[in-house]
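Counting starts at 1 for both ligands and their atoms, following the listed order.
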Amino acid sequence: MPVTYDSLRYPTTFMNESHHEWQQQMRKFVDREIMPNLQTWEAKGDIPEALFKKAADIGLLGVCYPEEFGGMSEGIDTFHKVILTEELSRASTGIAAALGVHNIALPLVVNFGSEKMKQEVATPVLAGKKFIALGVTEPSGGSDVANLKTTAKDAGDHYVVNGSKTFITGGLRANWYVTAVRTGGDGMGGVSVLLIPADLEGVSSTSIGMKQGWHASQTASIYFDNVKVPKENIIGQENRGFIAIMTNFNQERIALTAMALSMSRASIEEAAEWALNRETFGKKLASHQVIRHKFADMIRQLNASYAYMDCCVQQVDAGTAKTADIALLKVQATLTAENICRECLQILGGAGFIQGSVTERAYREVRVLAIGGGSEEIMRDLAGRELGF
Ligand SMILES: Cc1cc2nc3c(=O)[nH]c(=O)nc-3n(C[C@H](O)[C@H](O)[C@H](O)COP(=O)(O)OP(=O)(O)OC[C@H]3O[C@@H](n4cnc5c(N)ncnc54)[C@H](O)[C@@H]3O)c2cc1C
């Protein structure tokens with residue numbers, strides 16, 4: 001039986017006909033609209049804005065959002081979102097991050113924003129006509145969110161915002177920044193979330209420049225210089241933003257897990273095809289025991305990660321998921337992917353070092369998965385504390 005991307009998915013009983021149909025639909029979209037353009041977009045450093053509209057037209061942007069804003073929620077669950085992320089990540093996790101960036105910002109608006117804000121923002125974002133980004137990380141640090149420095153001073157009917165954010169995905173294109181600010185005293189109890197329109201006076205953005213991977217995703221620094229933000233732009237309650245931001249991270253961590261496992265499958269598929277055909281020392285590469293064992297080990301790690309992910313995703317939909325599990329799942333998946341990308345590139349030899357190879361891209365992209373959405377160290381710490389240590 002050939003080793004393919006599909007054959008490498010550990011069997012799950014959680015997926016039904018609707019999931020399989022959705023997966024086929026996403027596969028066709030990615031093969032048609034993304035795969036042929038990957039290298040051009042990476043060289044350009046961005047994806048075209050038209051891709052958002054095309055993605056919206058087939059429902060890709062609206063998964064798990066209320067129908068009233070153009071989303072899809074009836075009969076839709078987190079597995080649909082995982083499948084979507086996996087299919088995009090089969091091409092590139094950077095493209096998945098660029099096209100799906102609203103998924104780390106918009107849920108805060110939809111779950112905690114005012115009705116007026118939801119109508120104004122959610123509908124055009126899910127239609128692919130306007131864009132939104134999440135601004136939490138600052139130049140002084142991203143892990144210690146409770147100590148963020150950007151201030152929003154009360155000035156009657158508005159706040160005056162000063163400070164800056166960095167590493168913001170989609171930050172150059174965004175019409176709105178969902179921004180973590182300090183409205184109160186020190187620590188987590190002084191953090192709020194504001195919806196800041198990018199066209200307000202005093203808001204500016206610059207690209208952070210070249211990165212190791214995710215070449216087609218915008219990564220920007222955002223500056224706020226005496227920006228007057230209307231009070232009605234607060235998301236949720238004043239000084240209660242920290243918990244909202246932390247809860248929101250759970251979905252991002254599941255997405256990063258799906259990215260890691262999908263890129264692992266794509267790399268194994270490429271390396272397997274190579275190893276089953278290339279001959280060294282008079283026999284197929286895959287027939288050397290050292291190489292055969294590498295494949296067995298990679299598939300062992302992949303299966304364990306998939307089984308863990310399926311359980312966590314099922315618990316998310318049942319409302320029983322623990323933050324500790326999701327944090328540890330992300331660590332498990334990203335460590336798995338790092339090892340798999342390394343081993344696959346090793347099996348490919350020089351061919352894996354050349355641009356155009358699936359594994360070459362995966363190897364460049366894999367590191368950021370252990371940093372973004374809560375780093376590996378912070379995930380272990382968070383889980384350890386929740387587990388009573
Ligand atoms: C490509 C890319 C896209 C991103 N997109 C976004 C985005 O859209 N929005 C956004 O807000 N942020 C975004 N980020 C930022 C990302 O979330 C942060 O990089 C991450 O949270 C880590 O923050 P930091 O880089 O400031 O590292 P720091 O917080 O300075 O940490 C540096 C290192 O020290 C470790 N460390 C820190 N504290 C401890 C501790 N107590 N114990 C042990 N180790 C510790 C960390 O794990 C890390 O390894 C993005 C980052 C990248 C690279």
Side-chain angles (χ1 to χ4, degrees), residues 42 45-47 89 92-109 125 131-150 163-182 187-188 191 193-196 198 205-224 235 241-242 244-246 248-253 255-256 259-260 263 327-328 330-331 334-335 338 361 364-385 389:
E42 287 220 307
D46 203 358
I47 55 173
S89 302
S92 155
T93 61
I95 302 278
L99 195 59
V101 64
H102 65 293
N103 288 322
I104 62 173
L106 194 61
L108 283 159
V109 172
V125 167
F131 309 99
I132 192 162
L134 178 72
V136 175
T137 306
E138 303 190 340
S140 59
S143 301
D144 192 3
V145 178
N147 280 315
L148 60 85
K149 310 234 173 325
T150 298
S164 61
K165 300 287 171 181
T166 196
F167 301 143
I168 307 308
T169 303
L172 301 174
R173 181 184 286 119
N175 300 96
W176 296 279
Y177 301 111
V178 172
T179 314
V181 293
R182 182 162 305 287
M188 63 178 81
V191 173
V193 186
L194 288 182
L195 181 77
I196 305 187
S205 60
T206 55
S207 170
I208 61 144
M210 286 295 285
K211 300 171 296 224
Q212 178 179 2
W214 284 20
H215 290 167
S217 83
Q218 294 181 350
T219 309
S221 292
I222 319 295
Y223 307 95
F224 304 106
I235 298 176
F242 185 81
I245 294 167
M246 291 300 132
N248 194 47
F249 272 135
N250 283 342
Q251 284 290 341
E252 183 176 356
R253 287 167 195 161
L256 288 159
M259 287 182 188
M263 65 152 53
L328 293 180
K330 180 175 179 278
V331 176
T334 52
L335 286 177
E338 283 197 25
R361 178 177 297 107
R364 278 190 282 113
E365 294 188 345
V366 72
R367 286 271 50 233
V368 72
L369 306 184
I371 295 167
S375 71
E376 203 176 293
E377 292 77 12
I378 299 303
M379 292 302 87
R380 286 197 179 96
D381 206 48
L382 191 159
R385 272 185 280 120
F389 297 98

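Surrounding CE of Met188 are at most 12 heavy atoms belonging to other residues, nucleotides or ligands under 6.0 Å away.
Put simply, atom 25 (O) of ligand 1 has protein non-hydrogen atoms near it, under 4.0 Å away. Taking a distance limit of 4.0 Å, we find that atom 50 (C) of ligand 1 is approached by some protein heavy atom. Atom 33 (C) of ligand 1 is never approached by the protein to below 4.0 angstrom, counting heavy atoms only. There is no protein heavy atom less than 4.0 angstrom from atom 36 (N) of ligand 1. Closer than 4.0 Å to atom 42 (N) of ligand 1 lies none of the heavy atoms of the protein.
Distances between N or O atoms of Ile104 and those of ligand 1 include no value under 3.5 Å. Considering both main-chain and side-chain atoms, Thr169 comes within under 3.5 Å of ligand 1 through a nitrogen or oxygen pair. Checking only distances, Trp214 never comes within under 3.5 Å of ligand 1, N or O to N or O. Any N or O atom pair closer than 3.5 Å counts here, and Ile168 shares no such pair with ligand 1. Any N or O atom pair closer than 3.5 Å counts here, and Ser143 shares at least one such pair with ligand 1. Considering backbone and side-chain N/O atoms, Gly141 never comes within less than 3.5 Å of an N/O atom of ligand 1.
Separation of atoms OG1 (Thr334) and CZ (Arg367) is listed at 8.0 Å; rounding is to 0.5 Å. Taken to the nearest 0.5 Å, the CE atom of Met246 stands 8.5 Å off from the CG atom of Leu382.
Every atom of ligand 1 with a heavy atom of Ser375 under 4.0 Å away is listed here by number and element: 46 (C), 47 (O). Close contacts between ligand 1 and Glu377 involve ligand atoms 43 (C), 44 (N), 46 (C), 47 (O), 49 (O) [criterion: under 4.0 Å to a heavy atom]. In the vicinity of Leu134, heavy-atom distances shorter than 4.0 Å reach the ligand 1 atoms 7 (C), 8 (O), 9 (N), 10 (C), 11 (O).
Using a cut-off of 4.0 Å between Lys/Arg side-chain N and Asp/Glu carboxylate O, Arg182 and Glu138 are scored as not salt-bridged.
The shortest contact between atom 39 (C) of ligand 1 and any protein heavy atom is with Ile378 CD1, 3.8 Å. For atom 6 (C) of ligand 1, the nearest protein heavy atom (residue, atom name, distance) is Phe167 O, 2.7 Å. Scanning all protein heavy atoms for the shortest distance to atom 19 (O) of ligand 1 gives Ile371 CG2, 3.6 Å.
Gly171 approaches Tyr177 most closely through the heavy-atom pair O-OH, 2.6 Å. Counting all heavy atoms, side chain and backbone alike, Thr166 lies closest to Ile208 at OG1-CG2, 4.0 Å.
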Item to complete: Give the C-alpha distance, both sets of side-chain angles, the deciding distance and a yes or no for side chain to side chain contact (heavy atoms under 4.5 Å, CB included) between Val101 and Gln218.
Response: CA-CA 10 Å; Val101 64; Gln218 294 181 350; over 6 Å; no
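Of the heavy atoms in Val136, both backbone and side-chain atoms come closer than 4.0 Å to ligand 1.
A side-chain donor-acceptor contact under 3.5 Å links Lys211 and Thr219.
Of the options Val368, Val178, Thr137, the smallest heavy-atom separation from atom 2 (C) of ligand 1 is shown by Val368.
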